[in-house]
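Owing to the predicted nature of the structure, the values given are computational and were not obtained by experimental measurement. Every chain is numbered from 1 and lettered A, B, ... according to where its sequence line falls, protein lines coming before strand lines.
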2 protein chains.
Amino acid sequence: MKKTIIVFGLLILALLLLFQFSKYAVISGDLNSEIAIALIAIVFFFIGVYLNKKSLQKKTTILGEINHKKIEDLEISKREYEVLLGISEGLSNKEIGTKLFVSESTIKTHVSNLLSKLNAKRRTQALQIAKDLEII
Amino acid sequence: MKKTIIVFGLLILALLLLFQFSKYAVISGDLNSEIAIALIAIVFFFIGVYLNKKSLQKKTTILGEINHKKIEDLEISKREYEVLLGISEGLSNKEIGTKLFVSESTIKTHVSNLLSKLNAKRRTQALQIAKDLEII
DNA sequence: ATCAGACTCATACTTTAGTACCAAAACAGT
DNA sequence: ACTGTTTTGGTACTAAAGTATGAGTCTGAT
């Protein structure tokens with residue numbers, strides 16, 4: 001929040017400077033007034049784009065990014081996470097084992113631990129929960 | 001696409017008019033030049049916001065809408081689709097049966113048909129394929 | 001009225017999934 | 001070198017999931 005205020009402050013300052021600069025540039029004849037206006041227009045156009053992107057970022061984050069902190073919080077190990085990804089690809093335990101070069105038994109152990117860490121009863125439920133927690 | 005061109009054409013026209021208008025307004029002394037610049041800035045700000053929103057809309061649409069036509073193409077019945085939704089919620093066959101007021105056997109039949117229609121070997125794979133086809 | 005398609009359910013199996021418990025090797029940090 | 005965690009994997013079960021087959025019911029369309 002502090003960051004936001006500082007950024008806005010600097011932004012407004014920069015804009016005022018831009019205004020003043022273009023004003024004097026026009027008056028002193030160094031700059032065509034059309035170009036000055038065009039510059040201002042372009043700057044504000046990009047400010048609009050930027051702010052809009054910022055405000056939409058929260059929503060897109062919810063719909064697309066991985067919450068690495070949550071994975072740590074749940075104490076999900078690297079290997080368990082790889083197994084989770086395998087599940088999300090629709091693979092069987094045996095197929096995940098082949099993919100990760102370990103036995104099916106090992107995958108079963110990982111899956112079982114994963115389910116208890118995610119509080120899930122089934123692998124499909126684990127997927128649902130994992131999506132909710134934004135970890136896949 | 002035609003629509004886009006027309007919209008852009010009108011937009012550019014409107015901007016040129018705005019430019020000319022503010023120019024003459026300033027020259028004739030009806031308008032303070034600072035206010036004219038501010039107006040242009042505001043207009044371009046909102047243009048930036050609008051275009052950005054438009055360009056992001058496609059992505060969100062792609063990532064969120066259900067392709068009803070595909071469901072028909074795959075000959076997935078209404079009931080089968082409800083079962084698919086149950087699977088995506090992480091429910092067991094028995095739980096889906098309870099939810100839809102039918103027996104577990106019925107759900108098994110639906111699931112089996114669903115899997116063959118989606119070319120999946122497991123329910124988790126069915127989920128993956130269904131997401132790919134944008135039907136869930 | 002008939003007929004195809006959808007929905008229902010059962011039985012009998014086979015195959016995966018998942019649990020519990022144990023235990024050894026591999027590793028990273030102190 | 002010691003220690004705790006991760007990773008590995010096995011056995012022995014139990015519980016789900018999935019297949020195959022058959023069959024009765026219910027609709028909407030011809």
Side-chain angles (χ1 to χ4, degrees), chain A residues 66-133 135-136, chain B residues 66-133 135-136:
Chain A
I66 289 167
N67 191 337
H68 295 284
K69 195 182 164 295
K70 204 111 207 174
I71 296 172
E72 283 176 32
D73 286 354
L74 291 166
E75 296 178 328
I76 291 172
S77 73
K78 201 197 303 174
R79 211 55 166 165
E80 285 165 352
Y81 186 68
E82 290 175 320
V83 171
L84 180 59
L85 292 181
I87 292 173
S88 77
E89 288 169 27
L91 303 177
S92 70
N93 289 335
K94 193 177 281 180
E95 287 169 340
I96 297 171
T98 304
K99 194 174 179 182
L100 301 180
F101 305 107
V102 294
S103 80
E104 191 190 345
S105 297
T106 306
I107 303 299
K108 281 191 176 189
T109 308
H110 288 322
V111 170
S112 205
N113 293 330
L114 205 49
L115 292 182
S116 73
K117 284 176 185 177
L118 287 172
N119 255 309
K121 285 180 194 128
R122 281 164 290 283
R123 48 170 61 208
T124 46
Q125 198 182 4
L127 289 179
Q128 221 265 315
I129 292 169
K131 257 160 229 150
D132 244 51
L133 298 174
I135 62 177
I136 54 172
Chain B
I66 289 167
N67 190 339
H68 295 283
K69 194 183 164 296
K70 204 111 208 175
I71 297 173
E72 283 176 34
D73 286 355
L74 292 167
E75 295 180 327
I76 291 171
S77 73
K78 201 197 303 175
R79 213 52 167 166
E80 284 165 352
Y81 187 68
E82 291 176 320
V83 171
L84 180 58
L85 291 181
I87 292 173
S88 76
E89 288 169 26
L91 303 177
S92 69
N93 289 335
K94 193 176 281 180
E95 287 168 340
I96 297 172
T98 304
K99 194 175 179 183
L100 300 180
F101 304 108
V102 294
S103 80
E104 192 190 344
S105 297
T106 307
I107 303 299
K108 282 190 175 188
T109 308
H110 288 322
V111 171
S112 206
N113 293 330
L114 205 48
L115 292 182
S116 72
K117 285 176 186 177
L118 287 172
N119 255 310
K121 284 181 194 128
R122 281 164 292 283
R123 48 169 62 208
T124 46
Q125 198 183 3
L127 288 179
Q128 221 265 316
I129 293 169
K131 256 162 229 148
D132 245 51
L133 299 174
I135 62 177
I136 53 172

Legend entry - B:Ile76 CD1 - C:dG5 C1' separation (whole Å): 16 Å
Legend entry - Salt-bridge contact A:Arg79-A:Glu82 (side-chain N to carboxylate O under 4.0 Å): yes
Legend entry - Below 4.0 Å: OP1/OP2 of D:dG10 and any side-chain N or O of A:Ser105: yes
Legend entry - Separation of C:dT19 P from A:Leu114 CG (nearest whole Å): 11 Å
Legend entry - OP1 or OP2 of D:dT8 under 4.0 Å from side-chain N/O of A:Thr109: no
Inset, instruction - Would you tell me if any nitrogen or oxygen in the side chain of A:Ser77 comes within less than 4.0 Å of OP1 or OP2 on D:dT7? - result: yes
Legend entry - Euclidean distance, atom CG of residue A:Asn113 to atom C1' of C:dA17 [Å, nearest integer]: 15 Å
Legend entry - Minimum-distance nucleotide (side-chain atoms of A:Val111 versus C:dT8, C:dG18, C:dA17): C:dG18
Legend entry - Distance below 4.0 Å between A:Asn93 side-chain N/O and C:dA17 OP1 or OP2: yes
Inset, instruction - Enter the distance from A:Leu118:CG to A:Ile76:CD1 here, rounded to the nearest 0.5 Å. - result: 4.5 Å
Inset, instruction - Return no unless some side-chain N or O of B:Ser112 is found under 4.0 Å from OP1 or OP2 of D:dA20. - result: no
Legend entry - More than 12 heavy atoms of other groups within 6.0 Å of B:Lys131 NZ: yes
Legend entry - Distance in angstrom units between B:Ile87 CD1 and D:dG18 C1', rounded: 11 Å
Inset, instruction - Mind checking B:Ser92 for me? I need base, sugar-phosphate or nothing, with any heavy atom below 4.0 Å counting as a touch. - result: sugar-phosphate
Inset, instruction - For B:Lys117, look at atom NZ and say whether over 12 heavy atoms of other residues, nucleotides or ligands are found less than 6.0 Å away. - result: yes
Inset, instruction - Grab the CD1-C1' distance between B:Ile96 and C:dT8 for me, whole Å please. - result: 16 Å
Inset, instruction - Would you mind reading off the distance between B:Leu127 atom CG and D:dA17 atom C1', rounded to a whole angstrom? - result: 14 Å
Inset, instruction - Starting at atom CD of A:Glu80, determine the distance to atom P of D:dT8, rounded to an integer number of angstrom. - result: 10 Å
Inset, instruction - Kindly point out which of D:dG10, C:dA17, D:dG18 is positioned nearest to the side chain of A:Arg123? - result: C:dA17
Legend entry - No-hydrogen, no-angle side-chain donor-acceptor test under 3.5 Å, B:Ser103 and B:Thr106: yes
Legend entry - Candidates D:dG10, C:dC9, C:dG18 - which lies nearest the side chain of A:Arg122: C:dG18
Inset, instruction - Could you please name the option among D:dT8, D:dT19, D:dG10 that lies closest to any side-chain atom of A:Arg79? - result: D:dT8
Inset, instruction - Examine D:dT8: is either OP1 or OP2 under 4.0 Å from a nitrogen or oxygen in the side chain of A:Thr106? Give yes or no. - result: no
Inset, instruction - Nearest whole angstrom, please: distance from the C1' of C:dT15 to the NZ of A:Lys94. - result: 9 Å
Legend entry - Any A:His110 side-chain N or O less than 4.0 Å from OP1/OP2 of D:dT8: yes
